[in-house]
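Hydrogens, waters and symmetry mates play no part in the numbers below; they use all other heavy atoms, side chains included.
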Amino acid sequence: MQYDVAIVGAGPVGLCLARAFGLQGLRVALVERQPQAALEEPAFDGREIALTHASMRLLRELGAWQHIPASEVFPLRSARVMDRDLAQELTVTPQGGEDRLGNLVANHLIRRAAWLAMRETAGVDLYTGARIQTVYAGADEARLGLEDGSTVQARLLVAADSRFSETRRALGIDADLHDFGKSMLVCRMRHEQPHHHAAWEWFGLDQTLALLPLEEHLAGAVLTLPGEQARALSQAGPEAFAREMERRYGGRLGRMELAGSRHLYPLVATWARRFVGPRLALAGDAAVGMHPVTAHGFNLGLASVERLSDLAATALRQGRDLGDPFLLARYERRHRRGSWPLFQATRAIVGLYTDARPPARWLRTAALRASAAVPPFRRLLAAGLTDAGPVDPTPLQRLRAGLAALRPG
């Protein structure tokens, strides 16, 4: 079959891309190895996604937001960054009249909403339970050979099949993969003390704790530990697990109780050496797979959706080929420029705050104390979360935002 775009991977980024391209009147093939039932009713996977205002805007524009139950959207009023060696903390609050930094929504609900929006879109053909046997992307066309003998041809191929992308590997694009040697244990916990809708990031020796506020006495707990420790804790009985979580959270939440299933994820960051190739673009985690400490991985994935949607709009408006090398190069420049600072900053934070050596402990204490004492720094962090504008603002828009952050008050 001949298509304008073939997308490999029907995660939330792939689904949103299919919706965005379809809304522009393009013929889209969406290829996914999971069965359709898994896409229609995705299972709870423990992950709570902190959505920025820009990500919420895009989900509204794509018609996905309306499929998320309002009762399952939880406000993120503030964020607190703490370190075991320092009583002082960095607190980030909304700026510019906003009442929240963003919203928290369970990952499986976002996936389901993106699925429902995609199914409302004309021109999208879904290939589920599909195994890809061959991949080709060249100057003339992109082509997927499926296990059932069918062939999908397209003017543009988009790989959105995870940070371990088989499509990326098949086409010879190498990537820097950093295995942190740790696992992320995620679950929901009920707790005695209120969290006041503040997110926590709490660094300690050999562990990182996060708290993602849901209902006032319910939160997503994220615990990062060496792999074997995380596995052992995930298998503890519910009562023993709850007491251990109380201890690790320093009793700050009072009595705690497990509220559902526990899930483990290995921590591996990915940075593709190239984001594009002949008639090829990488999106989502296939391009940039983030450590979750800054909670921006999903938002970067949606930014790639917006940038690729803009590529298609430009091609249609100017009567150009979707696989135009100039347009692909512009997408790569924009997405690398928008991702690289945050990716590197995240790597630096993880390295600094998980290093138990005295010099690193002194440095992170000094850094946290200094950043907590500088209002413009806190305002810049808040502005990055609450800005609902385009992912690639103009230089004038950047200047205005910077000046606003520097104003006293």
Side-chain angles (χ1 to χ4, degrees), residues 1 3 5-22 28-49 51 55 59 62-69 72-73 104-133 135 144-150 152 157-170 183-188 220 234 259-266 268 270 282-287 289 292 297-298 301-302 304-305:
M1 292 288 290
Y3 295 92
V5 185
I7 302 168
V8 180
V13 167
L15 291 166
C16 287
L17 272 172
R19 171 68 170 172
F21 289 139
V28 181
L30 182 57
V31 183
E32 169 60 47
R33 67 171 52 186
Q34 291 189 89
Q36 183 165 326
L39 302 178
E40 292 174 341
E41 292 296 336
F44 175 73
D45 60 14
R47 290 177 288 189
E48 316 290 347
I49 306 299
L51 294 169
S55 291
L59 290 173
L62 294 176
W65 188 258
Q66 68 194 48
H67 295 298
I68 300 175
E72 297 293 335
V73 177
L104 285 156
V105 180
N107 184 59
H108 74 289
L109 294 179
I110 298 175
R111 293 175 68 99
R112 183 174 180 274
W115 162 263
L116 292 172
M118 186 277 297
R119 295 303 281 170
E120 296 170 352
T121 312
V124 179
D125 289 345
L126 186 64
Y127 294 77
T128 54
R131 295 283 176 172
I132 298 173
Q133 295 287 80
V135 182
L144 300 172
L146 305 185
E147 191 176 52
D148 63 5
S150 59
V152 174
L157 173 64
V158 180
D161 52 341
S162 88
R163 66 190 63 200
F164 305 108
S165 172
E166 294 181 9
T167 308
R168 183 186 65 215
R169 185 180 300 112
S183 294
M184 180 176 70
L185 191 162
V186 294
C187 62
R188 287 183 171 185
S234 71
S261 53
R262 289 167 278 184
H263 303 263
L264 278 178
Y265 298 96
V268 179
T270 306
L282 306 184
D285 283 357
F298 186 84
L302 286 184
S304 71
V305 172

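Nearest heavy-atom pair across S261 and H263 is OG-NE2, 2.8 Å. Between S183 and P266 the shortest heavy-atom distance is OG-CA, 4.1 Å. For the pair R111 and P12, the tightest heavy-atom approach, listed with the atom from each and the gap, is NH1-CD, 3.5 Å. Counting all heavy atoms, side chain and backbone alike, A283 lies closest to S304 at CB-OG, 3.7 Å. The two residues L62 and C16 have their closest heavy-atom pair at CD1-CB, 3.8 Å. Closest approach of G22 and V28 over heavy atoms only: N-CG2, 4.1 Å.
Panel note: side chain E32, backbone A10; a donor-acceptor pair is recorded below 3.5 Å. Remark: the backbone N or O of R19 is not paired with any side-chain donor or acceptor of T121 at under 3.5 angstrom. D161 places a side-chain N or O within 3.5 Å of a backbone atom of T167 that can act as its donor or acceptor partner. R188 places no side-chain N or O within 3.5 Å of a backbone atom of G260 that could act as its donor or acceptor partner.
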Step-by-step side-chain contact (heavy atoms from CB on, under 4.5 Å) determination, Q36 to L126: CA-CA 9 Å; Q36 183 165 326; L126 186 64; 4.1 Å; yes
Chi angles and distances behind the side-chain contact (heavy atoms from CB on, under 4.5 Å) call for L157, V135: CA-CA 10 Å; L157 173 64; V135 182; 3.9 Å; yes
side-chain contact (heavy atoms from CB on, under 4.5 Å) between L30 and F21, intermediate numbers included: CA-CA 11 Å; L30 182 57; F21 289 139; over 6 Å; no
Check against side-chain contact (heavy atoms from CB on, under 4.5 Å), F298 and V105: CA-CA 11 Å; F298 186 84; V105 180; over 6 Å; no
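Side-chain contact between W115 and H67 is absent, with no heavy atoms from C-beta onward closer than 4.5 Å. Y127 is not listed as a side-chain neighbour of D148, based on a closest heavy-atom distance of 4.5 Å or more. Between L59 and L302 there is a side-chain heavy-atom pair separated by less than 4.5 Å. Here the side chains of I132 and L146 are in contact, with some heavy-atom distance below 4.5 Å. In this structure, the side chains of R47 and Y265 come closer than 4.5 Å at one or more pairs of heavy atoms.
Taken from CD in E48 to CG in L109, the straight-line distance is 8.5 Å, to the nearest 0.5 Å. Distance check: N107 CG to D45 CG gives 4.5 Å after rounding to the nearest 0.5 Å.
Residues E40 and R119 are not paired through a salt bridge, judged by the lack of any N-O separation under 4.0 Å between the basic side chain and the carboxylate. With salt bridges taken as basic N to acidic carboxylate O contacts below 4.0 Å, none links R112 and E72.
Remark: D285 pairs with R163 by the side chain to side chain donor-acceptor pair (under 3.5 Å) rule, at least two apart or across chains.
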